Participant: 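Just passing along the structure, written as structure tokens.
Residues: numbered from 1 along the sequence shown. These numbers come from a predicted model, not from an experiment. Atoms considered below: every heavy atom in the structure, side chains included; atoms not considered: hydrogens, waters and symmetry mates.
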Amino acid sequence: MRHFLSFYIFSLVLLNHVFRATGFDSATAPGDIIIGGLFPIHESVDVTTREDGTESRICNRFNIARLVQSLIMVQAVEDVNTRHELGNLTLGYYILDSCNDVTTALMNTQSFMKRNDGTEQTQPPVLAVVGDYYSEISIAVTRHLHLEYIPQISYGATSGVLSDKARFPSFMRTVPEDDHQAQAIVEILQNHNWTWVGVVTTDSDYGRYIVEHLQKHAANKNICFAFTSIIPDDLGHKRLNKSISAAVKRITENKNVSVIVSFARPHHMMYIFEHLLKVPEGRGKVWVASDIWSETADVVKNHNLSDIGTIFGTTLKSGNSTRLKQYLSNLDVNPQHHKNNTFLYNFLKEQEPKNKRWKAALNTSSPRGEVGTKLDHPVRLEHSENPNATATEVLMKKIYPYAVFSVELAVRAIAQAVADLCVNRDCKTNERLDPVELREALRKATFLMHGKNYSFDSKGDLNSGYDIILWRQTSPTFVDVHYVVAHYSIENESLTFVSQKAFEDVNNVTGDVVSRCSESCRPGQMKQSIPGMPVCCYECQPCPENYFSNTSNSPQCYECNKNTDYSSKERDKCLRKKTVFFYWTDVYHHVLQAFTALGALLTIVVGIIFLARWNTPVVRASVGPICIILLLSLLSTFVSVILFGGEPNNKQCQARQVLFGLSFTMCVSCIMVKSFKIILAFEFDPSVKRVLKKLYKPYIIIAVCMAGQVLICALWLSLGPPVREWKELSKKDERLLICSEKSFSAFGAMLGYIGVLALICFGVAFKGRKLPESYNDAKFITFAMLIYFICWIIFGPVYVNVIGRYHPAVEMVVILISAYGILFCQFFVKCYIILFKQNANTEAAFRQDVRNYSLSQIKDEAGNWVLTPSSSGGIQNTAVDVESQISSSDQKIDQIPSMSTHPSSFFLSALNPRLITLQSNSNKRQLRRYLSSPA
């Protein structure tokens, strides 16, 4: 390491002898603590090689704004001394010009170090350096200064490389690093939805670093660069003209690029605008300026801002320039009074013969737009606009608020560090400060300015944030470059407008600006990347069925909830599906409910009729109590139909099936008991009948049948009860709300159980199909059960295949047909006899029917059937036809002989009077027993 330092010092000494640059200006002021200053007061250097191989370096392109920045340091130092902030200590300064050239800056930096090497004992050493503005120069200078541990505080070098304390331990700055500026620019682009932009930068450490970080942050926001034009950093470079022409060509050829981000230097931008304004395609662009040129109005020259377009700028945090303006307004404009500041001296010297000298300057300058033009006269641009402006006015016009803040803060930091070190020591005489002491104190110092505390972070940075400015033409000859419209917070990484007016001003000039590779995708579409193209270049694809996107340029489509929603026709939102069920207001529902109400009403009417004629033979023969139970169960069946309509809920779904199952089971059980009673009276032989009579317990049979159905329903409700369920329909905007039986095995078991009971009824009733005409109730039971079977056999496939709101109507129709079948077959004929044929509803008429039936089936002593005309002398009792199918309890009728339909075939032959008497007495006992038998 020691050999390396020796070689480095040797190289610097050699540079000093080879490049004998003489006549470099400076600004000095005595003090106990000397602060060095390094400002790019000139923008470039003319290098001339002499015959002996040495070089002559002459700085040119005088920059008044940088002169003002050096005066900010002067004013800040004088302000500290005037206020006696350091007690009996005073600050002095030693300001040099870097000429925006690394070699020149290093040569001038040697002047700082000479004061520290002990060769100049008469002057205090330079303990700290403020500057330079440019990162590339600061990188070289801080390496040099670090040899003596001299801390450097830059007021404008923003390269992120300088945050590396392992490489640059003596470097600090009062501005944030460029990575934050890149984030701020990306935030501007994103807020305006500018995703396809161009970039212009310089071939320097600063340019390469910030573009690299800009690309990184832009990629995270899906912002792409159509082109990146790189221009030589050196204004005297031989390829500068060609590079600028190439950049202009790329700007004009990319039709979709309306926004360009530029990290070039002010003179670069001046030349670029000169070339762009020559073609229509180069006008009206939006420029996002970096802090290097965002407040340099000179780039516009004599053009209107409207010709160039809109210029945004990111600038460092602005300071209060009131005291600086007061300082400049009180500045003595006599050059002879500023010989200690040759920069100011030369500037004021130029002001004395104003008019004559300005005209000569304008006439001898190179043609406008030629790269490498020398601005040898310091204020050419300013006075070309206003030749009569005073020196003070020119200087005040070049005040950049960010420089006021950054330069003054650097001086304040040094002053505070000195105060912290010298509070308990005599820094004026015996215990002078060393640069390394000051460097460590600066790292720890907290310094106050304008009522706010500041300090350097671990990287030596001060993250004060950025101001966003908008250029505006306030007059034909003046462009305001200090209009702050927003702030960027580094901590929050957010952009905040200073006022509503500022937001409106920005929106007025940028609201219609579009800078995208592809047209914006509307809601209902999604972006699909094009192979081989950047992510910002895409095609717009419509969202598929049941998907949506509700924002512009959506990267993907999102699925609607397929159970409850569907996508609109435009695919820009999800709409709620219409809930469909068997509405109460549906006309078919009205029809079914009308039949339900009619059935229930008829059932009640029949019940009333039966109760009113309770003791009549027809009611007694119909087993009155069983009929009442049958009517009640029919009424419950009709009531259950009501539960199948309307919007279903879980309790309704469970109640309707259980109520129907139990009530219809009761119906079939009652009919089965009646069927058994008929067979018991007519069909069984005496030995079997005696056993069956003991087992025939009607109410117990009904209870046992009901118990089986209750068990099935209980298991169904406990294991897998019916619930309401949503079903998809063919129409995408509807969804069906129905009751799902959940367990089709339980549902089938319930219907199957009823079917088994009905099948028993049908079998028993079918067995009595050959009973005489007067006892044909079995035929009506058979017919009712046939109706039931036909309906429910058809019900199965129809119920499974029907999907839609009318799904419940299928079961409703089947239930109604089954109930009406039982009601008609079992009761309507009986009611007709009770109401309209009362002469047939007597015991005499009933006995006559029994007698006629008995006489028609008398056998002779030889066992042969003797037929008698049943129609002679008797009235057929229709009531008995329906309910009183009575067979002899003492005699089995094996077969009814066939009878001729001719009346002459009916006769009595060889009748045995004793046989007739016995048969007649037996039938009378049957009648009394049947009419008086329990239900």
Participant: Could you pull out all residues at least two apart from Tyr206 that satisfy ring pair (Phe, Tyr, Trp, His ring centres under 6.0 Å)?
Facilitator: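 Applying ring pair (Phe, Tyr, Trp, His ring centres under 6.0 Å) to Tyr206 gives none.
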Participant: According to disulfide bond (SG atoms under 2.5 Å apart), does anything in residues 467-496 pair up with another residue at least two apart or in another chain? List the pairs.
Facilitator: none
Participant: Is there any disulfide bond (SG atoms under 2.5 Å apart) pair reaching into residues 159-194, and which pairs are they, with sequence neighbours excluded?
Facilitator: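 Every candidate disulfide bond (SG atoms under 2.5 Å apart) pair involving residues 159-194 fails, so no pair, neighbours aside, qualifies.
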Participant: Verify the distance criterion only: is there a donor paired with an acceptor across the side chains of Asp132 and Ser138 at less than 3.5 Å?
Facilitator: no
Participant: Got a salt bridge between Arg66 and Asp97, using NZ or NE/NH1/NH2 to carboxylate O under 4.0 Å?
Facilitator: no
Participant: With sequence neighbours excluded, what pairs up with Arg522 under the side chain to side chain donor-acceptor pair (under 3.5 Å) test?
Facilitator: none
Participant: Show me, pair by pair, the donor-acceptor contacts under 3.5 angstrom made by side chains of residues 160-172, not counting sequence neighbours?
Facilitator:
from	atom 1	to	atom 2	distance (Å)
Ser163	OG	Arg173	NH2	2.6
Ser163	OG	Asp461	OD2	2.8
Asp164	OD1	Ala166	N	3.1
Lys165	NZ	Leu162	O	3.4
Lys165	NZ	Phe168	O	3.2
Lys165	NZ	Phe171	O	2.5
Lys165	NZ	Lys459	O	3.1
Ser170	OG	His146	ND1	2.7
Ser170	OG	Arg439	NH1	2.9

Participant: Quick test of your reading: applying disulfide bond (SG atoms under 2.5 Å apart), list the pairs with at least one residue in residues 208-260, sequence neighbours left out, ordered by first then second residue.
Facilitator: Cys224-Cys536
Participant: Tell me, please, which residues at least two apart from Lys501 pass side chain to side chain donor-acceptor pair (under 3.5 Å).
Facilitator: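 So Lys501 forms a side chain to side chain donor-acceptor pair (under 3.5 Å) with Asp505.
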Participant: Can you name the ring pair (Phe, Tyr, Trp, His ring centres under 6.0 Å) partners of His213, sequence neighbours left out?
Facilitator: Tyr209
Participant: Show me the donor-acceptor pairs, under 3.5 Å and distance only, between side chains in residues 188-196 and residues at least two apart or in other chains.
Facilitator:
from	atom 1	to	atom 2	distance (Å)
His192	ND1	Ile188	O	2.9
His192	NE2	Thr510	OG1	3.2
Trp194	NE1	Val513	O	3.1

Participant: Within the side chain of Thr314, is there an N or O that forms a donor-acceptor pair under 3.5 Å with the backbone of Ser290?
Facilitator: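 Answer holds: no.
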Participant: Tell me every residue that passes ring pair (Phe, Tyr, Trp, His ring centres under 6.0 Å) with Phe456, counting only those two or more places apart in sequence or in another chain.
Facilitator: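 Residues passing ring pair (Phe, Tyr, Trp, His ring centres under 6.0 Å) with Phe456: Phe447.
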Participant: Let me check something: any side-chain donor-acceptor pairs from residues 464-471 under 3.5 Å, sequence neighbours excluded? List them with distances.
Facilitator:
from	atom 1	to	atom 2	distance (Å)
Tyr466	OH	Glu177	O	3.1
Tyr466	OH	Gln181	N	3.3
Asp467	OD1	His487	ND1	2.6
Asp467	OD2	Ser318	N	3.0
Asp467	OD2	Ser318	OG	2.8
Trp471	NE1	Ser294	O	2.6

Participant: State whether the side chain of His237 and the backbone N or O of Asp233 hold a donor-acceptor pair below 3.5 Å, judged by distance alone.
Facilitator: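 Not confirmed, His237 side chain does not pair with Asp233 backbone.
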Participant: Not counting sequence neighbours, which residues clear ring pair (Phe, Tyr, Trp, His ring centres under 6.0 Å) with Phe39? List them please.
Facilitator: Tyr155
